[in-house]
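All residue numbers in this chain count up from 1 along the given sequence.
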Amino acid sequence: MSKRVLSILGLILVASIALVACGGSSFECEDAIGCVSYAEGEPVRIASALVITGPNTQLGLDSQYGVEVAMSFQDTLFGHEIELQAEDDGCNAEGGQAAGQKITSDPSIVAIVGTSCSGAGVAMSSVVSEAGYSMVSPSNTSPVLTDPDIAWHPGYYRSAHNDKVQGAAIADFAFNELGLSTAAAIHDGDPYTEGLANAFRVSFEALGGSITTFTAVVVGDTDMRPVLTEVAAGAPEFIYFPVFTAECAFLAKQAGEVAGLEGTVLAAADGCISADAAAAIGEAGAGMYFSGPDISFTGSLYEDFKAEYTAISGEDLLSVFHAHAFDAARMIFACVEEVGVEDGGDLHIGRQDLRDCLSATSNFTGITGSLTCNDYGDCADPKITVSELVDGEYATVWPRSEER
């Protein structure tokens with residue numbers, strides 16, 4: 001072998017040793033929409049976008065703690081610690097868009113748990129999808145978010161139920177369980193509230209019931225009497241108002257002040273299930289019903305979850321989507337583990353690979369059940385219950401325990 005060849009081989013060997021010593025990487029990203037890379041010692045970064053300020057704070061914080069419990073249980077991914085960037089979705093389109101833009105401006109964030117509110121989710125999912133990120137919502141329930149003809153975007157998933165399921169359940173309860181045949185529905189124009197009110201209307205009419213009024217209140221209004229007077233003119237036996245905490249409480253309290261609604265049954269939904277909502281409604285909640293996800297979870301995983309939730313938050317469970325948030329985060333972690341590529345101490349995660357993995361989720365064991373994603377991101381194992389406020393607590397009344 002010539003001295004020249006030996007010299008070249010020697011240089012290559014020295015360069016190789018230097019490359020390894022410096023932590024150099026031979027990885028080349030071939031993912032269609034790019035990769036997220038973490039050097040040895042850098043944390044894997046996820047984000048959350050939940051409502052953590054304002055009147056619906058308990059809804060978002062409940063999910064926030066669920067994410068933090070999932071992080072605690074996971075500990076690391078490929079030996080990298082997990083770091084969370086928490087943003088506020090504002091429970092509105094503007095907040096969702098702002099959170100989405102802030103998160104996607106950071107290329108080190110691999111995926112998102114959010115949003116809390118469907119109105120924020122519609123805006124944010126568009127931003128996130130265009131940027132190539134993935135998001136899994138623990139509590140977006142509006143049917144439009146997984147409808148490809150309306151608001152679905154690639155990269156969007158949810159561990160929460162689709163409100164087509166909840167609308168059908170509360171209609172079944174009112175018509176078959178309570179034996180009521182006339183009803184009114186009130187929303188506030190938000191994709192969640194309008195979508196759920198409409199799902200109830202469609203299902204109630206399909207059962208043979210009549211909708212006397214389908215109307216809306218304005219978010220921020222405190223006087224609901226004009227809308228309630230309009231509803232009273234139709235003499236409904238049942239009023240369903242799936243709105244958020246503030247408007248829900250005003251409707252519940254003021255319904256008793258409107259002539260013609262004295263014997264009318266009132267019902268709200270999961271946007272009005274929290275300690276704050278129960279306190280705001282107060283005595284007006286007597287005899288009132290609330291539809292929402294079944295959270296009568298059992299098993300050692302949930303018991304361990306609740307203990308860690310309390311240790312992290314210092315509080316009891318705040319609302320109804322904590323387990324859905326836990327499952328959402330764990331779906332992301334499972335897919336990172338499946339598609340992540342180690343290169344020395346470095347970690348690389350393809351964004352399209354992550355989406356493909358989430359889309360292929362099948363029979364994923366979560367606290368909320370067995371999750372399987374369809375083509376448009378509906379992944380939940382949906383179960384709905386109806387509760388009644390008893391001494392400030394939400395007590396499940398339907399389906400009965402032996403039927404669940």
Side-chain angles (χ1 to χ4, degrees), residues 55-56 142 163 166-274 276-292 384 386-390 392 394 397-398:
N56 301 303
S142 173
D163 269 335
Q166 184 170 193
I170 189 64
D172 182 18
F173 174 75
F175 190 84
N176 291 314
E177 183 71 12
L178 300 183
L180 307 178
S181 60
T182 59
I186 303 172
H187 61 89
D188 67 10
D190 177 88
Y192 155 68
T193 71
E194 186 171 5
L196 180 49
N198 187 59
F200 164 73
R201 171 172 64 176
V202 170
S203 294
F204 193 72
E205 289 179 335
L207 289 169
S210 297
I211 296 294
T212 59
T213 311
F214 188 83
T215 189
V217 295
V218 176
V219 174
D221 278 1
T222 58
D223 185 2
M224 304 298 170
R225 296 172 190 84
V227 170
L228 289 166
T229 299
E230 173 193 356
V231 168
E237 300 166 289
F238 184 81
I239 305 176
Y240 188 47
F241 43 93
V243 293
F244 290 102
T245 298
E247 290 73 28
C248 175
F250 287 125
L251 283 165
K253 289 179 175 179
Q254 294 171 19
E257 303 171 15
V258 175
L261 297 181
E262 294 84 359
T264 304
V265 178
L266 306 180
D270 38 41
C272 194
I273 300 180
S274 68
D276 283 349
I281 294 167
E283 294 179 0
M288 184 174 170
Y289 296 105
F290 301 80
S291 64
I384 304 298
V386 176
S387 300
E388 191 173 5
L389 264 179
V390 179
Y394 297 87
V397 295
W398 181 89

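When Val218, Leu251, Ile186 are each tested for a side-chain contact (heavy atoms from CB on, under 4.5 Å) with Met224, only one passes: Leu251. Considering Phe290, Phe200, Tyr289 in turn, Tyr289 is the only one that fulfils the ring pair (Phe, Tyr, Trp, His ring centres under 6.0 Å) rule with Phe173.
Rounded to the nearest 0.5 Å, atoms CG (Leu196) and CD (Gln166) are 4.5 Å apart. Distance check, rounded to the nearest 0.5 Å: SG of Cys272 to CG of Asn56 gives 9.0 Å. Atom OG of Ser291 sits about 2.5 Å away from atom OH of Tyr240, to the nearest 0.5 Å. The structure places CG of Leu266 at 8.5 Å from CG of Leu228, a figure rounded to the nearest 0.5 Å. In this structure, Lys253 NZ and Thr222 OG1 are separated by 11.5 Å, a value rounded to the nearest 0.5 Å. Here the straight-line distance linking atom CG of Asp190 with atom CZ of Phe244 works out to 5.0 Å at 0.5 Å rounding.
Summarising the geometry of Arg225 relative to Gln254, their closest heavy-atom pair is N-OE1, 3.4 Å, with the distance given to 0.1 Å. What you find for Gly189 and Glu194 is that their closest heavy atoms are O-OE1, 3.8 Å. Nearest approach of Pro242 to Ala197, heavy atoms of both residues: CG-N, 3.8 Å. Thr245 and Ser274 make their closest contact through OG1-OG, 4.4 Å (heavy atoms, listed as atom of the first residue, atom of the second, distance). When all heavy atoms of Ala168 and Ser203 are compared, the closest pair comes out as CA-OG, 3.3 Å.
Enclosure of atom CD in Glu262 by more than 12 non-hydrogen atoms of other residues, nucleotides or ligands within 6.0 angstrom is indicated.
A donor-acceptor pair is defined here as one N or O able to donate and one able to accept, closer than 3.5 Å; no such pair exists between the side chain of Thr213 and the backbone of Gly234.
Counting heavy atoms from C-beta outward, Thr212 and Glu237 have side chains that stay 4.5 Å or more apart. The shortest distance between side-chain heavy atoms of Trp398 and Leu178 does not fall below 4.5 Å. Side-chain contact between Glu247 and Val219 is present, with at least one heavy-atom pair separated by less than 4.5 Å. In this structure the side chain of Pro236 reaches within 4.5 angstrom of the side chain of Val231, judged on heavy atoms. For the pair Phe241/Asp188, no side-chain contact is recorded, criterion being any heavy-atom separation below 4.5 Å from C-beta on. You'll find the side chain of Ile281 reaches within 4.5 Å of the side chain of Cys248, heavy atoms only.
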Evaluate side chain to side chain contact (heavy atoms under 4.5 Å, CB included) for Phe250 paired with Val227, printing each intermediate quantity in order. CA-CA 11 Å; Phe250 287 125; Val227 170; over 6 Å; no
For Tyr394 and Leu389, what are the C-alpha separation, side-chain angles and deciding distance, and is it a side chain to side chain contact (heavy atoms under 4.5 Å, CB included)? CA-CA 5 Å; Tyr394 297 87; Leu389 264 179; 3.9 Å; yes
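Between Phe175 and Phe204, the ring-plane angle classifies as perpendicular under the 30° and 60° cut-offs. Aromatic ring orientation, His187 versus Phe214: tilted (interplanar angle from 30° to 60°).
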